[in-house]
Participant: 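There's a structure below that I have some questions on.
Note that these values count all heavy atoms, side chains included, but never hydrogens, waters or copies made by symmetry. Protein chains get the first letters and strands the later ones, always in sequence-line order, with residue 1 at the start of each.
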2 protein chains.
Amino acid sequence: MITLTEENYIKAIYHIGKQGRENVNTNALADAMNTKASSATDMIRKLAEKDYANYKKYKGVTLTEAGKKIAINIIRKHRLWEVFLVEKLNFTWDEVHELAEQLEHIKSQKLIDELDAFLGHPTHDPHGDPIPDKNGEITFVEKIVLSQAQEHQKYSCLGVNDSSSEFLQYLNKNNISLGSIIEVLHIEPFDKSINIKANGKLLTVSQSVAKNLYLKKL
Amino acid sequence: MITLTEENYIKAIYHIGKQGRENVNTNALADAMNTKASSATDMIRKLAEKDYANYKKYKGVTLTEAGKKIAINIIRKHRLWEVFLVEKLNFTWDEVHELAEQLEHIKSQKLIDELDAFLGHPTHDPHGDPIPDKNGEITFVEKIVLSQAQEHQKYSCLGVNDSSSEFLQYLNKNNISLGSIIEVLHIEPFDKSINIKANGKLLTVSQSVAKNLYLKKL
DNA sequence: ATATTAATTTAGACAAGACTAAAAATATAT
DNA sequence: ATATATTTTTAGTCTTGTCTAAATTAATAT
């Protein structure tokens, strides 16, 4: 049996490992888990013991194939629940994350298969992140971040990098959501702020916003 | 904050208290929770400490109003999830209980309000048990058990007392479900077995079956 | 190359929820 | 009414996941 805490550590290792170097260091993991480095060390040991993680003292941690499988399955559940909440229960995309953190730990293969079918086998969650299929395959869509976009080019909004409710509410306020058409008008060389036309409306966004918005060239 | 374990103890106290004397004894609680009496004593102490339970040494435990409120809310969530699983995700009534035991602990008021609305504010779960409303009100339906039924009388099936999957599968096999029309033909004085016509088909049921099937006189 | 700083691990302790074994209180039987 | 049996509580221990403080290893700077 795998505990809830173990699942959360595995998920954190997966996410950190994804966006940076392969080997996840203890402090980064402790940060993500809101614990101290010593607690992270203990858990890493335990996960290595159970063959969910590869661990060499002072060298950081990676997931084994078994660990990755668990991580991907949790992510699949998380994202399917997010779709359910938004599509069926009138949640907005900034409300679903915390709740999905609870729901992702529900254990039932049939539940997740049926939910998937009930939702029509969605491929992306409400933030634009891909939903792994039953076999753990993740369909990768080529995407860039707004801060790397070119002037005078049209894009469509694919998703977000930062899914904090603050950021999502900022986007809501400016009427930007999945699929929104965004045209880059001008990039200010001084501070890298960007003038865009989003769904027809003119808007200037800072670099910190631009870094967290994923786009697809049209 | 209330822990998962505390919630489960509160629920168990509520259910045991419901079907028998008010004061729940330590052994009964330990049994229901699959723990030992000493563990139950510890938890009862803790619940009393937090004002969820009334406790006098050696005298058993009851819930306070706050405790009852929590219990009823968990039951509301449990039964709404059961409806969801059966109505929307193709589960059968014998498959849903364990899964609902997990789902009932998800914490989100909005989730449960929206789920309730999504399901059309159902009043009963798939086993015929009433679903408490948002204010904790439980609509009580007068029901008898098949073993107390009268000969030559027609009834409709309201629910079950024993919701083990063995019993539910027995009912499935004999095509008895919620709302089934059941006519009592003859009660055998020797062993109290009962000849019934269920959905048009003749069937003889033992007393232990008859004790666990709830009916409403038609 | 060595000193200093940063990251990681170890050691020991704590709270929650469980257990066993023993003691205390209550219930039952003659 | 007293002896016996049952139930409940207490005392002490264990595991999980956490912490602090100290020790160790790795990284960085001069």
Participant: Which pair of heavy atoms, one from A/A210 and one from A/I194, lies closest together, and at what distance?
Facilitator: CB-CD1, 3.8 Å
Participant: Has the side chain of B/S38 got a donor or acceptor that lies under 3.5 Å from a partner of the other kind on the base of D/dT8?
Facilitator: no
Participant: Any chance you could lay out the salt bridge (charged side-chain N to carboxylate O under 4.0 Å, His left out) test for B/K134 and B/D113, step after step, and finish with the verdict?
Facilitator: CA-CA 8 Å; B/K134 211 182 160 178; B/D113 290 348; 3.2 Å; yes
Participant: Just wondering, do B/S165 and B/Y170 contact through their side chains at under 4.5 Å, heavy atoms?
Facilitator: no
Participant: Are A/K50 and A/E6 close enough for a salt bridge, meaning some N to O gap below 4.0 Å?
Facilitator: yes
Participant: When you measure from the side chain of B/T5, which nucleotide among C/dA18, C/dT20, C/dT9 comes out closest?
Facilitator: C/dA18
Participant: Would you say A/R45 places a side-chain N or O within less than 4.0 Å of OP1 or OP2 belonging to C/dT10?
Facilitator: yes
Participant: Check whether any side-chain N or O of A/K36 sits under 4.0 Å from OP1 or OP2 of D/dT20, and answer yes or no.
Facilitator: yes
Participant: D/dT18 phosphate, OP1 or OP2: any side-chain N/O from A/S39 under 4.0 angstrom?
Facilitator: no
Participant: For the pair B/F84 and B/F118, name the ring-plane relationship: parallel under 30°, tilted 30 to 60°, perpendicular over 60°.
Facilitator: tilted
Participant: At under 4.0 Å between heavy atoms, what does B/T26 touch on the DNA or RNA strands: base, sugar-phosphate, or nothing?
Facilitator: sugar-phosphate
Participant: Are a donor atom and an acceptor atom from the side chains of A/E82 and A/H78 found within less than 3.5 Å of each other?
Facilitator: yes
Participant: Which residues within residues 6-15 of chain A lie with some heavy atom under 4.0 Å of an atom in DNA chain C?
Facilitator: none
Participant: Could you tell me the separation between the CD1 atom of A/I2 and the P atom of D/dT16, rounded to a whole number of Å?
Facilitator: 14 Å
Participant: Does OP1 or OP2 of D/dT8 have a side-chain N or O of B/N27 closer than 4.0 Å?
Facilitator: yes
Participant: Output yes when B/K11 and B/E104 qualify as a salt bridge under the 4.0 Å nitrogen-oxygen rule, no when they do not.
Facilitator: yes
Participant: Expressed in angstrom and rounded to an integer, what is the separation of A/M43 atom CE from D/dT16 atom C1'?
Facilitator: 8 Å
Participant: Contact list please: residues 54-64 of chain B against DNA chain D, heavy atoms, distance less than 4.0 Å, in numerical order.
Facilitator: B/Y55, B/K57, B/Y58
Participant: Just how far, in rounded Å, is C1' of C/dA11 from CG of A/D42?
Facilitator: 11 Å
Participant: Nearest whole angstrom, please: distance from the C1' of D/dT18 to the CD1 of A/I44.
Facilitator: 15 Å
Participant: Taking all non-hydrogen atoms of both residues, which atom of A/K217 and which atom of A/Q150 are closest, and how far apart?
Facilitator: NZ-OE1, 3.6 Å
Participant: Search all heavy atoms of A/F167 against all heavy atoms of A/N212 and return the closest pair with its distance.
Facilitator: CE2-O, 3.5 Å
Participant: Starting at CG of B/D31 and ending at P of D/dT6, how long is that distance when rounded to a whole Å?
Facilitator: 15 Å
Participant: Using a heavy-atom cut-off of 4.0 Å across all strands, would you classify B/N25 as base, sugar-phosphate, or nothing?
Facilitator: sugar-phosphate
Participant: Given atom CE of A/M1 and atom P of C/dA18, what is their separation to the nearest angstrom?
Facilitator: 15 Å
